[in-house]
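Every number for a ligand or one of its atoms is a count from 1 in the order of the listing.
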Amino acid sequence: MENLIQTLKQVNWDFSDYNSQRFPLDVNSISWYPATFPPPIPKFLIALLTEPGDVVFDPFGGSGTTVIEAIKQNRPFLYNDLNPFATDTVRNVVGILLESSISPKLLQSVRKRDGALLSGKIERICDEELYDGKNMDTVRKKYPQEMMDRMKSLGLNEELILWYHIDTLNELLRLYELIHADRERGVCSTRKCAFTAILKDVCSQRGHFTYITDNCRPSQLRYYSAISTYLAMLDRLILSIDDFLRQFVVSNRKADLVELINRSAIYCGDSRNLNLVEDLSVDFILTSPPYLCAQDYIKTMRLINLFFPNEGFDRLPSQEIGARAYRKRNGQEVINKFYDDMKAFCGEAERVLKKDKFFCFIIGQGKAKVIDGYDTIGDLSDMVVRDFHFQKIFEVSRNISYKWNRLGGVDHEEIIIFQKKT
Ligand SMILES: C[S@@+](CC[C@H](N)C(=O)[O-])C[C@H]1O[C@@H](n2cnc3c(N)ncnc32)[C@H](O)[C@@H]1O
């Protein structure tokens with residue numbers, strides 16, 4: 001144990017040189033998601049705190065960073081998240097990994113086919129690169145009736161016309177039809193993965209992502225080419241999946257990716273009640289719970305919901321732990337609720353984790369006014385030790401102030417590791 005702690009102390013956990021723009025081939029940075037781990041964090045912790053074959057569980061799995069690093073190191077994983085959009089993306093990505101390991105040329109063939117299918121020039125409908133976008137009636141006037149009818153027949157929400165320039169949307173419709181044209185395994189998930197990954201990039205709302213979360217539509221609609229962005233995303237996906245598979249093979253010569261993934265599971269559920277996960281079945285819990293009042297994860301998926309509606313978009317935000325939406329409520333009630341929710345989660349963590357194994361969470365101090373003066377990190381850490389069979393073995397603060405899009409002014413977060421007592 002002493003050696004382990006010494007090793008943990010040697011690591012510079014800031015990873016300030018990590019940024020998904022500089023490492024665009026990380027599989028889980030393909031689809032944008034708020035507040036993700038830099039992959040080196042799960043990479044180091046999994047290597048240090050588990051053995052090959054150990055089950056690694058992330059109950060607030062988000063974009064699946066832990067999952068990807070667990071697979072790379074030949075550890076079966078359990079993933080859970082309340083957000084159905086995040087869960088769907090992770091299922092898609094893991095499905096693509098699986099299919100690509102069986103048919104190595106799958107992605108290239110999708111790219112080739114789509115490149116050919118999309119090569120014909122799509123006529124521009126509107127010659128203005130930029131036009132006013134706030135008023136539904138004014139925007140609707142730009143739209144030929146046949147395009148409105150096409151959207152209707154595809155079952156798409158008319159609100160889309162307030163987020164995208166008409167020519168961008170026209171290209172998105174072409175891509176959307178393409179996804180639904182071919183049900184072949186792997187093809188559909190590859191296309192959907194690239195399509196959902198570009199929705200934010202080609203949208204006319206260029207402000208901070210919380211504008212989309214809060215339904216602040218762009219005041220002006222500007223043209224961005226959805227087709228070329230999509231094809232570039234497919235190229236990036238090909239390289240990142242290829243890179244991933246090579247890393248997997250080189251590091252785990254005898255491992256079987258299909259068997260590993262078949263021993264793993266992805267759940268869309270509430271981490272306060274993880275009834276699908278058996279008692280004492282997990283070797284390592286590594287997770288980052290929401291920072292108090294920092295983020296509304298499900299509502300950030302607004303654009304994806306316009307194309308692929310999920311009833312959870314309206315129903316589930318009330319079950320999000322510590323959501324940003326609570327920042328205007330009574331401070332003490334918000335804190336009490338967060339504490340109770342995290343306590344329920346920690347009870348589940350204790351139940352599913354094997355004895356002697358490690359539970360690590362990474363959390364920052366939310367900065368909303370209603371929680372001014374409340375020490376989220378200290379309070380949670382004390383609760384885990386006081387109310388459950390865990391002892392704290394390591395804690396380190398990591399600086400995240402270098403991040404250009406850091407959450408609500410949060411400038412550091414804490415990595416805390418507990419061991420389950422026998
Ligand atoms: C900080 S993010 C995790 C990001 C993740 N570490 C990654 O690298 O992508 C917190 C996650 O908690 C999820 N979440 C919030 N409330 C939840 C709940 N009650 N049960 C399960 N997940 C929840 C959110 O949807 C979000 O994905």
Side-chain angles (χ1 to χ4, degrees), residues 15 18-20 23 26-43 45-46 56-70 77-90 93-94 209 213 266-277 285-302 304-305 310 312-313 315-326 337-349 352 360-366 376-377 380 398 400 403 405-408 410 413-415:
F15 296 110
Y18 184 83
N19 149 350
S20 56
F23 294 84
D26 278 332
V27 177
N28 49 317
S29 73
I30 295 278
S31 295
W32 175 85
Y33 198 71
T36 56
F37 283 152
I41 294 186
K43 175 181 164 178
L45 290 171
I46 291 169
V56 175
F57 180 27
D58 191 340
F60 297 96
S63 65
T65 321
T66 305
V67 163
I68 295 297
E69 295 307 316
F77 66 83
L78 297 177
Y79 165 102
N80 177 73
D81 202 284
L82 180 74
N83 186 343
F85 301 96
T87 314
D88 192 39
T89 301
V90 174
V93 169
V94 171
F209 66 80
T213 312
I266 297 177
Y267 302 120
C268 183
D270 191 325
S271 60
R272 292 168 295 183
N273 179 5
L274 296 164
N275 53 3
L276 293 174
V277 184
I285 296 177
L286 169 59
T287 201
S288 175
Y291 301 178
L292 183 50
C293 294
Q295 204 52 254
D296 298 310
Y297 289 94
I298 294 172
K299 292 289 176 191
T300 50
M301 304 286 114
R302 182 177 301 283
I304 299 182
N305 187 56
N310 185 299
F313 185 76
R315 182 175 57 83
L316 291 172
S318 60
Q319 290 175 43
E320 270 186 37
I321 294 178
R324 175 172 162 269
Y326 311 151
K337 174 89 173 79
F338 180 70
Y339 186 87
D340 291 347
D341 288 344
M342 288 304 293
K343 192 165 173 181
F345 156 63
C346 290
E348 287 294 77
V352 302
C360 171
F361 68 65
I362 302 175
I363 191 157
Q365 175 68 41
T376 324
I377 304 169
L380 288 186
R398 62 180 298 267
I400 53 170
K403 280 190 169 186
N405 63 345
R406 61 183 205 264
L407 294 169
V410 178
E413 57 191 9
E414 216 77 5
I415 300 180

For [atom], what's the nearest protein heavy atom and its distance?
atom	answer
atom 20 (N) of ligand 1	Ser271 N, 2.9 Å
atom 3 (C) of ligand 1	Phe60 O, 3.3 Å
atom 22 (N) of ligand 1	Leu82 N, 3.2 Å
atom 8 (O) of ligand 1	Thr65 OG1, 2.6 Å
atom 5 (C) of ligand 1	Gly61 O, 3.7 Å
atom 4 (C) of ligand 1	Ala35 O, 3.4 Å

Flag, side chain of [X] to backbone of [Y], donor-acceptor distance under 3.5 Å:
X	Y	answer
Glu69	Pro42	no
Gln295	Pro290	no
Tyr326	Ser318	yes
Asn305	Asn310	yes
Lys343	Phe338	no
Asp81	Gly62	yes
Gln365	Thr376	yes

Closer than 4.0 Å to some heavy atom of [X] - which atoms of ligand 1 meet that?
X	answer
Glu320	16 (N)
Asn83	25 (O)
Gly62	9 (O), 27 (O)
Gly269	20 (N), 21 (C)

Going by distance only, is there an N or O of [X] that falls short of 3.5 Å from an N or O of ligand 1?
X	answer
Gln319	yes
Ser63	yes
Ser288	no
Thr36	no
Arg272	no

Heavy-atom contact under 4.0 Å between Ala323 and ligand 1?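 Distance cut 4.0 Å: Ala323 fails for ligand 1.
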
Heavy atom of Gly322, distance to ligand 1 below 4.0 Å: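 Distance cut 4.0 Å: Gly322 fails for ligand 1.
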
Please report the C-alpha distance between Cys360 and Ile415 in whole Å, then the side-chain angles of each, then the deciding distance to 0.1 Å, and finally whether the side chain to side chain contact (heavy atoms under 4.5 Å, CB included) criterion is met. CA-CA 7 Å; Cys360 171; Ile415 300 180; 3.8 Å; yes

Heavy atoms, side chains only, cut-off 4.5 Å: are Leu274 and Leu78 in contact?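 No, their side chains stay 4.5 Å or more apart.
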
Flag the pair Phe77 / Asp58 as yes when at least one side-chain heavy-atom distance between them is below 4.5 Å, and no otherwise.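 With C-beta onward as the side chain, the pair stays apart.
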
Stepwise side chain to side chain donor-acceptor pair (under 3.5 Å) test for Asn28 and Thr65: CA-CA 6 Å; Asn28 49 317; Thr65 321; 3.0 Å; yes

Heavy atoms only: which of [options] is nearest to [atom]?
atom	options	value
atom 1 (C) of ligand 1	Tyr297, Phe37, Phe345, Tyr267	Tyr297
atom 16 (N) of ligand 1	Leu274, Val90, Ile321, Asp81	Ile321
atom 15 (C) of ligand 1	Gly364, Pro290, Gly64	Pro290
atom 19 (N) of ligand 1	Asn273, Asp270, Ile41	Asp270

Indicate whether any N or O donor in one side chain lies under 3.5 Å from an N or O acceptor in the other, for Asn83 and Tyr33.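 Yes, side-chain donor-acceptor contact under 3.5 Å.
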
Hydrogens and angles aside, do Thr213 and Asp296 bring a side-chain donor and acceptor to less than 3.5 Å of each other?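 Their side chains do not contain a donor-acceptor pair, so the 3.5 Å distance test is not met.
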
